Amino acid sequence: MALDKPYKDIPGTVIFDAEQSRMGYWLNQFCMSLMKAENRARFLADERAYLDEWEMTEDQKQAVLDRDLNRCVQLGGNIYFLAKIGATEGKSFQQMAGSMTGMSEEDYRDMMVSGGRPIEGNRYTHEWEKK
Amino acid sequence: MARITASVYTSHVPAIGAAMDHGKDHEPYWQKLFDGYEFSRQWLKDNTPDVIFLVYNDHANAFSLSMIPTFAIGTAPHYPIADEGWGPRPVPAVEGDSVFASHIAQSVIQDDFDLTIVNEMAVDHGLTVPLSLMCGKTDAWPCRVIPFAVNVVQYPVPSGRRCYELGKAIRRAVERYDEPLNVQIWGTGGMSHQLQGPRAGLINREWDNAFLDRLIADPAGQADMPHIEYVREAGSEGIELVMWLIARGAMADANGGPAPHVAHRFYHVPASNTAVGHLILENPS
């Protein structure tokens, strides 16, 4: 019998469950390595060579090179781990979160200041399909 | 005997720590947030405990994917400040209470909660931002701190019910301790926020305030709320709020005593991506 995963119908959201975590193990562990200053420097000097030291899939490596955080999340990355990539480049959490929404940095910040993304219309995937 | 005198609840957004560390706390964006903690800083000065039992979560700093403990209690004498990738926060190291923490571990495990015991651990913004919010800038934290880390990063996280029952077990452990310590328990994280995906930036002011109402008046009912409601209504990272139920379960009324006094309540949007909620509940003496 399958596990109950009721969170699959939340739009624009990937829940980091055991399945995602297994898929993203090396991607996330690569991110953890960026907590050391010497590794941050090595990564920035030659990203491709640094990524090739890890047992990540080619898709995961490409998503990191593209800084496509949505793709990283789909491939098993978790935002608290992926944040280490942003930190390596001096990016804030807000810049990283905003980059996944398709909004400009300024528009995202303005949305937050005026109360954030509303819950109405953002609870279920079927609400997004109508748009 | 040791006693739990009060519980404190607060969000632990990293940008709040960064604002304080970089002297931005008087800028208009941040001033409105820090105004909500002015009462709390005076309150903590007037009600300084011997020990704070601080429930928080690690954000891929002390724990990576190599080990994912659901509940981890710090039994070390002190804890360094984590470098989360931006360099360690310029705040004092945290002094623990290894004797008391070991006592709590033994008692709580005997009460059927399988804690992971941690003797070496750096603490991240989840622990230091609540201290900064409540203490302001300081050269030394006002008391000893027992870090209690909960996995809310990899789903499934512990249920609200389990967190609430764990709080009760922590209260029993405290009351089994012979030394007359004044103990506060803090529950941190939340409120509504989502940091990932196209739905990032979600805030649900109405839901957050209903959570605060219910946490005060009907915590046992709140404990029965399933995970799916947190993540759907309060965002994928809003699930952190289950940690507040650990602190709430340690209060007198959850254990047959009188209801707490609401000393302070505050709510503000936004701090970076997040809604900030804050409560101080006192047990009647």
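Below, read A as the first sequence line, B as the second, and so on, with proteins coming before strands; counting in each chain starts at 1. For clarity, every value in this text was computed on a predicted model and none was experimentally measured. No hydrogens, no waters, no symmetry mates; every other heavy atom, side chains included, goes into these values.
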* B:Tyr164 ring center near B:Trp244 ring center (under 6.0 Å) -> no
* Asked: Do A:Tyr50 and A:Ser33 get their side chains close enough for a donor-acceptor pair, meaning under 3.5 Å?
  -> yes
* Can the ring centroids of A:Phe43 and A:Phe30 be said to lie less than 6.0 angstrom from one another? -> yes
* Contact class of A:Pro6 relative to chain B, heavy atoms under 4.5 angstrom -> both
* Asked: Thinking salt bridges, do B:Arg161 and B:Glu165 make one under a 4.0 Å N-O criterion?
  -> yes
* Among A:Gln20, A:Lys36, A:Met112, single out the residue with the greatest number of heavy-atom pairs under 4.5 Å to chain B. => A:Met112
* Asked: Does the side chain of B:Asn151 pick up a donor-acceptor pair with the side chain of B:Thr70 at under 3.5 Å?
  -> no
* Hey, are the side chains of A:Asp17 and A:Tyr7 touching, using non-hydrogen atoms and a 4.5 Å cut-off? -> yes
* **Check: B:Arg199/A:Thr13 side-chain N/O donor and acceptor closer than 3.5 Å** => yes
* **Residue selection (most heavy-atom pairs with chain B, distance under 4.5 Å) from A:Ile79, A:Ile10, A:Thr101** => A:Ile10
* Structure fact -> Most contact-rich option vs chain A, by heavy-atom pairs under 4.5 angstrom, among B:Ala15, B:Ser236, B:Ser64, is B:Ser64
* Asked: Can you tell which of A:Gly102, A:Gly90, A:Gly115, A:Ser114 has the highest number of heavy-atom pairs within less than 4.5 Å of chain B?
  -> A:Gly115
* Asked: Which bit of B:Pro14 comes within less than 4.5 Å of chain A, counting heavy atoms only: side chain, backbone, both or neither?
  -> side chain
* chain B contact via A:Met35 - which portion, at a heavy-atom distance below 4.5 Å -> both
* Asked: Contact part of A:Val113 toward chain B, heavy-atom cut-off under 4.5 Å: side chain, backbone, both or neither?
  -> both
* **Interface moiety of B:Arg232 toward chain A, non-hydrogen atoms closer than 4.5 Å** => both
* To do: Below 4.5 Å from any heavy atom of chain A, which atoms of B:Phe63 appear? Answer side chain, backbone, both or neither.
  => backbone
* Asked: Is the distance between the ring centroids of B:Phe148 and B:Tyr56 less than 6.0 Å?
  -> no
* Asked: For the residue pair B:Tyr37 and B:His278, does the interplanar ring angle fall in the parallel (under 30°), tilted (30 to 60°) or perpendicular (over 60°) class?
  -> parallel
* Interchain contact, B:Glu233 with chain A, by part (heavy-atom threshold 4.5 Å) -> both
* Region of B:Ser66 in contact with chain A, defined by heavy-atom distances below 4.5 Å -> both
* Structure fact -> Okay, A:Met96 and chain B: the region with an atom under 4.5 Å from a heavy atom over there is side chain
* Specify which of B:His193, B:Glu84, B:His227 makes the most heavy-atom pairs with chain A at under 4.5 Å. => B:Glu84
* Cationic tip of A:Arg109 within the cone over B:Tyr29's six-membered ring, i.e. under 6.0 Å and within 45° of the normal? -> yes
* What distance separates A:Asn78 CG from A:Leu27 CG, expressed to the nearest 0.5 Å? -> 9.5 Å
* Among B:Ile228, B:Val269, B:Val157, which has the most heavy-atom pairs under 4.5 Å with chain A? -> B:Ile228
* Flag the one option from B:Thr274, B:Leu195, B:Asn204 with the top tally of heavy-atom pairs under 4.5 Å to chain A. => B:Leu195
* Asked: With only heavy atoms counted, which part of A:Gln94 is less than 4.5 Å from chain B, the side chain, the backbone, both or neither?
  -> both
* Asked: Is it the side chain or the backbone of A:Lys5 that comes within 4.5 Å of chain B heavy atoms, both, or neither?
  -> neither
